[in-house]
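See structure below.
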2 protein chains.
Amino acid sequence: MKIEEAIQQKAFKDIYNKAVVNLLYTQSYIVSKQSSLFKPFGLSPEQYNVLRILKGQNGNPITVSSIQDRMLNKMSNASRLVEKLKQKGFINREECPRDRRQVDVVITDQGMEVLKQLEEKIHSLNRELIQLNEEEIGQLNNLLDRLRE
Amino acid sequence: MKIEEAIQQKAFKDIYNKAVVNLLYTQSYIVSKQSSLFKPFGLSPEQYNVLRILKGQNGNPITVSSIQDRMLNKMSNASRLVEKLKQKGFINREECPRDRRQVDVVITDQGMEVLKQLEEKIHSLNRELIQLNEEEIGQLNNLLDRLRE
DNA sequence: ATACATTAATTGTATATACATTTATTTGTT
DNA sequence: AACAAATAAATGTATATACAATTAATGTAT
């Protein structure tokens, strides 16, 4: 659907403005669908993001600030997200012995299990969300990478 | 900057997944820069969005639910955003005479003034945010429109 | 060794998002 | 007219974002 229809705006100031609006709207479109998928599993999109980062560690612990650096939203509060995931039993947290300021975080079996249950659903959702052929997806990834300087 | 560097992730499951992540990351990148620009004016990005919708009405009132329909984030709470803007003196709100369930919202002179002050800054920011040539921006807008079915 | 700066994580506070519920009003049906 | 259904906005509550401030531990310079 054209962005003009989606937000009922007849015209944009210029194509730069239209591109910004289009990117913001598209993100909202994606996140709302992801939220619906995650909800039955007790996860928000950002909590899921943290679990994926932990899974990517292959069992090695990672500190809260390293999680923060790898998050999609650099301003989100990794400390509080980790606390939420701990309450749900999806992660464990323990003091790092070499530097007691730091906290080592690892995903639990229960956390791995919820990711496993989500895997196929997310695979499908991604295909549903991105209605482009492979060449176009390559173009899109390229444009987005270059857009950010 | 390539998305792999930006979030320190070596590889993605597939290009669909990479595209989703790239879109979410790019939005966060844009919103954080917009927030910094709006902050000195006492506006959040979504509050600015509401003011722009009102300005687009050319003086005609618009109801809260129509604002909601036109917002970039369909899940945001137009009622509360309107209340915040009212407190700041940027909008006026009054009962719609033909249907007392509805509320007519209009931008104030003060609201128009803050948009005017922001106009040139946003123009520059948009150019800074979207580091692509005009042809590429056209491609990007096209891909985003088609991506959403 | 002490003092000072730096770093890591947590906490506080305000705002925003997400979604369900409530209240008031209008519309539609009989 | 009476009543149920639909609609518009506001409100309640939980979570998340944004950013400042705090606490605790470590690093560095003298």
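Protein chains get the first letters and strands the later ones, always in sequence-line order, with residue 1 at the start of each.
When each of B:Arg98 and A:Arg93 is assigned the nucleotide of DNA chain C with its nearest heavy atom, A:Arg93 is the one assigned upstream, toward the 5' end. Residue order along DNA chain C, read from the 5' end via each residue's closest nucleotide, puts A:Asp99 first among A:Asp99 and A:Lys39. Residue-to-nucleotide proximity on DNA chain D shows that, of B:Val82 and B:Ser32, the 5′-proximal contact is made by B:Val82.
As rounded to whole Å, 13 Å separates atom C1' of D:dT17 from atom CG of B:Asn73. B:Gln27 has its CD atom 9 Å from the P atom of D:dA18, to the nearest Å. Atoms NZ (A:Lys84) and P (C:dT10) sit 13 Å apart, rounded to a whole Å. The distance between atom CG of B:Asn49 and atom P of C:dT17, rounded to the nearest whole Å, is 10 Å. At whole-Å resolution of the value, CD in A:Glu83 and C1' in D:dA16 are 15 Å apart. Rounding to whole angstrom units, CZ of residue A:Arg80 and P of D:dC19 are separated by 14 Å. Rounded to whole angstrom, the span from the CD atom of B:Gln102 across to the P atom of D:dA6 amounts to 18 Å. The nearest whole Å value for the distance from the CZ atom in B:Arg100 to the P atom in D:dA6 is 22 Å.
Criterion: ILVMFWY side-chain heavy atoms under 4.5 Å apart, direct or through other members. Under it, B:Leu85 and B:Phe41 are part of a common hydrophobic cluster.
The existence of a salt bridge linking A:Asp14 and B:Arg127 is confirmed by a sub-4.0 Å separation between a basic side-chain nitrogen and an acidic carboxylate oxygen.
Phosphate proximity of D:dT15 to A:Ser44: absent, as no side-chain N or O sits under 4.0 Å from OP1 or OP2. For the OP1/OP2 pair of D:dA9 and a distance below 4.0 Å, the side-chain nitrogens and oxygens of B:Asn77 include no atom meeting the criterion.
The side-chain hydrogen bond (donor to acceptor under 3.5 Å, both in side chains) test applied to B:Arg146 returns A:Glu136, not counting sequence neighbours. Taking A:Tyr16 as the reference, nothing meets the ring-ring contact (aromatic ring centres under 6.0 Å, His included) condition, with sequence neighbours excluded.
Counting only heavy atoms from C-beta on, A:Val64 has its side chain closest to C:dT10 among D:dT17, C:dT10, C:dT25. Counting only heavy atoms from C-beta on, B:Val103 has its side chain closest to D:dA9 among C:dT10, D:dA16, D:dA9.
At the heavy-atom level, B:Ser79 lies under 4.0 Å from base atoms of the strands shown. Within the nucleic acid shown, B:Gln47 comes within 4.0 Å of sugar-phosphate atoms alone, with no base atom in reach, counting heavy atoms only.
Using N1 to N3 plus N6-O4 or O6-N4 for Watson-Crick, or N1-O2 and O6-N3 for G-U wobble, each under 3.5 Å, C:dT26 pairs with D:dA5.
When all heavy atoms of A:Ala19 and B:Leu140 are compared, the closest pair comes out as CB-CD2, 4.4 Å.
A donor-acceptor contact under 3.5 Å links the side chain of B:Arg101 to the base of D:dT7.
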